[in-house]
K.L.:
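Quick one: the structure is below, and I'll ask about it shortly.
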Amino acid sequence: MVDWKAIEEKWQKKWSEEKVFEPQIGEKPKFYITVAFPYLSGHLHVGHARTYTIPDVIARFKRMQGYNVLFPMAWHITGSPIVGIAERIKHRDPQTIFVYRDVYKVPEEILWTFEDPVNIVKYFMKAAKETFNRAGFSVDWSREFHTTSLHPQFNAFITWQFLKLKEKGLVVKGTHRVRWDPVVGTPLGDHDLIEGEDVQILEYILIKFILEENGKRIYLPAATLRPETVYGVTNMWLNPDATYVKAKVNDEIWVISREAAYKLSFQDKKIEVLEEFKGEKLIGKWVKNPVTGDEIIILPADFVDPDNATGVVMSVPAHAPFDHAALEDIKKNTELLLKYDIDPRIVENISYISLIKLEGYGEFPAVEEAQKLGVKSQEDKEKLEQATKNIYKAEFHKGVFKIEPYKGVPVSKVKDLIANDMKEKGIADMMYEFAEKNVISRFGNRAVIKIIHDQWFIDYGNPEWKEKAREALANMKILPESRRAQFEAIVEWLDKKACARKVGLGTSLPWDREWVIESLSDSTIYMAYYTISRVINKHGIKGEQLIPELFDYIFLEEFSGAREEELGKKTGIPKEVIREMKEEFEYWYPLDWRCSAKDLIPNHLTFFIFNHVAIFKKKHWPRGIAVNGYGTLEGKKMSKSKGNVLNFIDAIKENGADVVRFYIMSLAEHDSDFDWRRAEVAKLKGQLERFYELIEQFASYEIREGVKLKDIDRWLLHRLNKAIYETTKALDEFRTRTASQWAFYSILNDLKWYMRRTEGRDDDAKRYVLRSLADVWVRLMAPFTPHICEELWQKLGGNGFVSLAKWPEPKEEWWNEELEIEEEYIKDLIDDIKEILSVAKIENPKRAYIYTAEDWKWKIAEIVAQKKDFKAAMSEAMKDPEMRKKGKEVANLVNRLIKERVFEVKRIDEEKALRESKDFIEKEIGLEIIINPEEDKGGKKKQAMPMKPAVFIE
RNA sequence: GCGGGGGUUGCCGAGCCUGGUCAAAGGCGGUGGACUCAAGAUCCACUCCCGUAGGGGUUCGAGGGUUCAAAUCCCUCCCCCCGCACCA
């Protein structure tokens, strides 16, 4: 049995004592890799383990390749969730207590101290650090820090960052729409909602139809998502039973539903209700279309929902199935019309106005679609929904507008064009509305949409900035490369991003102290801070000493003794120390790799690019991003609220760090997800134990010089070379799964085969080969399973730490492609014979006769491989008089080889290979074999082809 | 709706970018065998269908197309997952 825990503790202690992972700047080429620091509202789980193990494996790999590697870590505690948790603990919220006591296993006496958010942060920072140490991460802890004003030095850095952004005009103030609790008076984030987290916010265009009343202008703002259809309005719809109001809206008089008046009061509208009445009051009146000037009649419609947008709807029956159905219904309903004193002939005479040319449809797509789906009346709501969806989609994507002045413009473009034109002329307004009704805050109130002012934004929409971000991205490596498209799309799409709020932990905006910089905005360039963090920690530099000018010098200016002198005086930091910081930054920057899980692509990782290009010189722009996928647990998504979580630390305690590391690395690659299965982990543990025992055994073998190797020995060394080559290639691209397959499984399988092939042998050659293999294998595995590899490296008598040992490289003299082909040849032959035995059901087989392809067949194969064409190959072959003698046979063979496209031929000595492996083949198939006898048994001889000998079994 | 990514043999998951060597890697599961007093572990074989000589047939979401040749390229359709911001 392997004592995982003892081995892990032993080596973790040694690494730490000897500061193996605390690089000093120097002459060696540097390699700087970071990973998104964790937000510490709880323990890390095995999904996180993936994100952090990848960069560690890469760091270890590059370190062994001779790079000076920096892999630092810090903690993110910015934001409101931790404050919210403290709040909920204080109020003894059962769900929160369940998560912290039962899922995260926080001891009771500590749990109650969590009423203070600072204690939560302290507890989980400590826990996370312990977890990372116990995972064997090669982190340089001398650079550790955490965010927010609780860390004055980092606070000073973020202050500097925001001053820079402000200076460049990239932080701006503006208005913004938010989900809002109208009772409590607070913005609502996703986690503040008990219902409706994913409800969209729609932007309705309000088109102000004009109602003349006693010579006064009153507006009926019809709400629509299709402003272009204003040209096809035939009538208006109001719900006769709903309550409407006449209200003073800013300086105009509007008629809207009572609900709309309430909602609009949050959207920059000063509302004063003058009068309330039922919709029926306006039925039968006439209003004027502000765009076309048409006079149209207001008709009654039950389907108009006063709780959606303004409750005022314009009717476009040619292009809106609902309007069409309702209009046809009402045409037949003379009784209803008479009730409102409307002359039925007026309605009868309403004619549809066609606006959009749509391929596959005639004048009135809505009418056709309704018919097609079998709509009988406006009561067929489901069918009408479907028809609306179909028409909307089709017209939007394929429709062409046909009314001047927009004739010929695609609907997808004309929509915004018309809306903007109307807004400019003051005949249209807009209104935000939820796509669904039930959006409920955690306080139990129905949310509204509010427009807030004075919000600070980072202006990612700035065109010059975008251009620089594009440039940086184009020059970066993205892994996997297939994610680049997403990055590009996000860069284009990003616009103003609110960067500060009034609650939570963080750094204050330097020019507006009541605002706290939010978490996605204070985590974009901290990789630069790591470079100087060691010096700051070492010399105990205080936050107030880190003045903006000092950061300017370190990060943005050229080396200057005079500046250092000057800044030394200003800050009280010795100028040598300032020089040290400057050197660290210049040495380590730019960052080589940024790692994170894929969920951060649309925000953090892209902000990371933007902020770097905004602040730093081009030579310091980041070089690469690698993203990874998530993890599930036994096929299910991990969810702490359901308790379905495996904490990283618990996984380590259960299985050992090396097992967990290797398991996670071997499961999935790049951005695909992995699934943690207990049974498989246990299996892997067994395999790694066997690995340990094998190496231990091989360690006792001496390497003797000058041993004579057999083919199969050299075969194994060749395969080992290949494993080295492929592992290295995979790790260069962060493909940990492929790498682990080559570094472990491939070698294990080859070793099994080798043992089978050499059963009974125990000689110097075998011992030499196995010992050589051990030496390589341990180093290939070291990035994945560093602890047991250190232990094994010691047993192998290696120098120093395996963590710092030289990464293996293929040995020129070990390559032997031919042997690999020969070995495949033997395997194939054994398979063939076994198949014959099973298919032919030969009774009592005694021996197998093997015939290899005659020399001329090889020659023909080589000619075909070269010529790749029947005629050319034949004429080449016929130059040889020997070949001419068997012209027909040659032609047949050439024909067949061409047909089968056997264009890659590497000649081996088949008979030699067979004789070398004769005993083995006989043992495997349980028959005597006779190689190339004189006699042509069973007339099979002629069937022999290159690489495929003929076989006859008797 | 917008944006990104997918649908592969019982399951998970490679391969598809650079068409042929793909019935399609690897793992899991399953079946049989070796070992063992036995179990476990380990090792070996098989695991789409058919087949008394190493072969043949039908597959890679659906339907078309390009090609001597397509899981791989093009078009159309269906289905699924993720993100859409002030939230870490």
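Quick note on labels: first sequence line is chain A, next is B, and so on, each numbered from 1.
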K.L.:
Who is the Watson-Crick or G-U wobble partner of B/U42, with both distances under 3.5 Å?
P.N.:
B/A34
K.L.:
For the pair A/D936 and A/K942, find out whether any cationic side-chain nitrogen is under 4.0 Å from an anionic carboxylate oxygen.
P.N.:
no
K.L.:
Any strand counts, and the cut-off is 3.5 Å on both contacts for Watson-Crick or G-U wobble. Which nucleotide pairs with B/A70?
P.N.:
none
K.L.:
Considering only atom P, compute the distance from B/G55 to B/G63 and round it to an integer number of Å.
P.N.:
30 Å
K.L.:
Just checking A/N603: base, sugar-phosphate only, or nothing, at a heavy-atom cut-off of under 4.0 Å?
P.N.:
base
K.L.:
I'd like to check the side-chain contact (heavy atoms from CB on, under 4.5 Å) partners of A/V199; sequence neighbours left out, ordered by chain and number.
P.N.:
A/F434, A/A435, A/E436, A/V439
K.L.:
In whole angstrom, give me the gap between the P atoms of B/C43 and B/C82.
P.N.:
38 Å
K.L.:
With A/Y104, which residues qualify under ring pair (Phe, Tyr, Trp, His ring centres under 6.0 Å), at least two apart?
P.N.:
A/H43, A/Y100, A/F124
K.L.:
Have a look at A/T78 and say if it touches a base, only the backbone sugar-phosphate, or nothing, with a 4.0 Å heavy-atom cut-off.
P.N.:
sugar-phosphate
K.L.:
Taking the P atom in each of B/C68 and B/G61, what is the distance between them to the nearest angstrom?
P.N.:
25 Å
K.L.:
Could you state the CG-P distance from A/D416 to B/C2, rounded to the nearest angstrom?
P.N.:
13 Å
K.L.:
Does anything in residues 479-493 of chain A form a salt bridge (charged side-chain N to carboxylate O under 4.0 Å, His left out)? List the pairs, not counting sequence neighbours.
P.N.:
A/R470-A/E492, A/E481-A/R484, A/R483-A/D671
K.L.:
Mind running a 4.0 Å heavy-atom check of residues 937-947 of chain A against RNA chain B and sending the residues that fall below it, in number order?
P.N.:
A/K940, A/Q943
K.L.:
Quick one: A/Y460 OH to B/A85 P, roughly how many Å, whole number?
P.N.:
16 Å
K.L.:
Consider the side chain of A/W493, meaning its heavy atoms from C-beta on, and name the nucleotide among B/C44, B/A85, B/G4 that approaches it most closely.
P.N.:
B/A85
K.L.:
Which whole-number value in Å describes the distance from A/Q200 CD to B/G3 C1'?
P.N.:
13 Å
K.L.:
By the 4.0 Å heavy-atom rule, please label A/D495 as base, sugar-phosphate, or nothing.
P.N.:
base
K.L.:
For A/R179, enumerate each residue passing the salt bridge (Lys or Arg N to Asp or Glu O under 4.0 Å) test, keeping only those at least two apart in sequence or located in another chain.
P.N.:
A/D190
K.L.:
Atom pairs under 3.5 Å, N or O on each side, protein against nucleotides 47-51 of chain B: can you list them with distances?
P.N.:
none

K.L.:
Taking only Lys NZ, Arg NE, NH1 and NH2, and the carboxylate oxygens of Asp or Glu, determine whether A/K415 and A/E395 approach each other closer than 4.0 Å.
P.N.:
no
K.L.:
Heavy atoms only, 4.0 Å cut-off, all strands: where does A/L667 land among base, sugar-phosphate and nothing?
P.N.:
nothing
K.L.:
Checking all strands, does A/G686 fall into the base, sugar-phosphate, or nothing category for heavy-atom contacts under 4.0 angstrom?
P.N.:
nothing
K.L.:
Please classify the nucleic acid contact of A/S80 as base, sugar-phosphate, or nothing, using heavy-atom distances under 4.0 Å.
P.N.:
sugar-phosphate
K.L.:
Just the rounded figure in Å: distance from P of B/C84 to CZ of A/F607.
P.N.:
11 Å
K.L.:
Using whole Å, what does the distance between atom C1' of nucleotide B/U42 and atom CG of A/L684 come to?
P.N.:
16 Å
K.L.:
What pairs of residues pass the ring-ring contact (aromatic ring centres under 6.0 Å, His included) test when at least one of them lies in residues 667-691 of chain A, not counting sequence neighbours?
P.N.:
A/Y663-A/W676, A/F691-A/F744, A/F691-A/W777
K.L.:
A/L605 has an atom CG; how far is it from atom C1' of B/C82, in whole Å?
P.N.:
15 Å
K.L.:
Please measure how far the P atom in B/G13 lies from the corresponding atom in B/G7, and state the result in whole Å.
P.N.:
10 Å
K.L.:
If the P atom of B/G27 is compared with that of B/C46, how far apart are they to the nearest Å?
P.N.:
13 Å
K.L.:
Please work out if A/Y392 contacts a base, only the sugar-phosphate, or nothing of the nucleic acid, heavy-atom cut-off 4.0 Å.
P.N.:
nothing
K.L.:
From the list B/G4, B/G54, B/C86, which nucleotide is the closest neighbour of the side chain of A/K497?
P.N.:
B/C86
K.L.:
Using both distances under 3.5 Å as the test, list the Watson-Crick or G-U wobble partner of B/A53, or none.
P.N.:
none
K.L.:
Strictly below 4.0 Å, N to O, side chains only: are A/R719 and A/E823 in salt-bridge contact?
P.N.:
no
K.L.:
Contact class for A/L520 (heavy atom, under 4.0 Å): base, sugar-phosphate, or nothing?
P.N.:
base
K.L.:
Examine the side chains of A/N628 and A/T51 and answer whether a donor and an acceptor come within less than 3.5 Å of each other.
P.N.:
yes
K.L.:
Under the ring pair (Phe, Tyr, Trp, His ring centres under 6.0 Å) test, which residues partner A/Y745, sequence neighbours left out?
P.N.:
none
K.L.:
Can a side chain N or O of A/K598 be found less than 4.0 Å away from OP1 or OP2 on B/G83?
P.N.:
no
K.L.:
Considering only atom P, compute the distance from B/U8 to B/U58 and round it to an integer number of Å.
P.N.:
22 Å
K.L.:
Roughly, in whole Å, what's the span from CG in A/D599 to C1' in B/G4?
P.N.:
14 Å
K.L.:
Just how far, in rounded Å, is C1' of B/G4 from CD1 of A/I478?
P.N.:
14 Å
K.L.:
Provide the Watson-Crick or G-U wobble partner of B/C16, both distances under 3.5 Å; none if there is no partner.
P.N.:
none
K.L.:
May I ask you to decide whether A/K636 forms a salt bridge with A/E634, counting only side-chain N to carboxylate O separations under 4.0 Å?
P.N.:
no
K.L.:
Return the 5'-most residue of the pair A/S672, A/P949 with respect to RNA chain B, ranking by each residue's nearest nucleotide.
P.N.:
A/S672
K.L.:
Could you give the distance separating B/A24 and B/A70 at their C1' atoms, to the nearest angstrom?
P.N.:
13 Å
K.L.:
Once ring pair (Phe, Tyr, Trp, His ring centres under 6.0 Å) is applied, do any residues pair with A/H76, and if so which ones, sequence neighbours excluded?
P.N.:
A/F37
K.L.:
Apply side-chain contact (heavy atoms from CB on, under 4.5 Å) to A/A873 and list each qualifying residue two or more places apart in sequence or on a separate chain.
P.N.:
A/I863, A/V864, A/K867, A/V894
K.L.:
Should B/A62 form a Watson-Crick or G-U wobble pair with both distances under 3.5 Å, which nucleotide is its partner?
P.N.:
B/U76
K.L.:
What does the B/S/- profile of nucleotides 22-34 of chain B look like, 5' to 3', with a 4.0 Å heavy-atom cutoff to protein?
P.N.:
---BB-SS-----
K.L.:
For this output row, return yes or no: ring centroids of A/W742 and A/F784 closer than 6.0 angstrom.
P.N.:
no
K.L.:
Given B/G5, B/G54, B/G83, which nucleotide is nearest the side-chain atoms of A/P602?
P.N.:
B/G83
K.L.:
Given that A/A489 and A/D673 both sit by RNA chain B, which one's nearest nucleotide is further toward the 5' end?
P.N.:
A/A489
K.L.:
What pairs with A/K477 under side-chain contact (heavy atoms from CB on, under 4.5 Å), at least two apart in sequence or on another chain?
P.N.:
A/W593
K.L.:
Sticking with atom P, work out how far B/G57 lies from B/A71, rounded to a whole angstrom.
P.N.:
14 Å
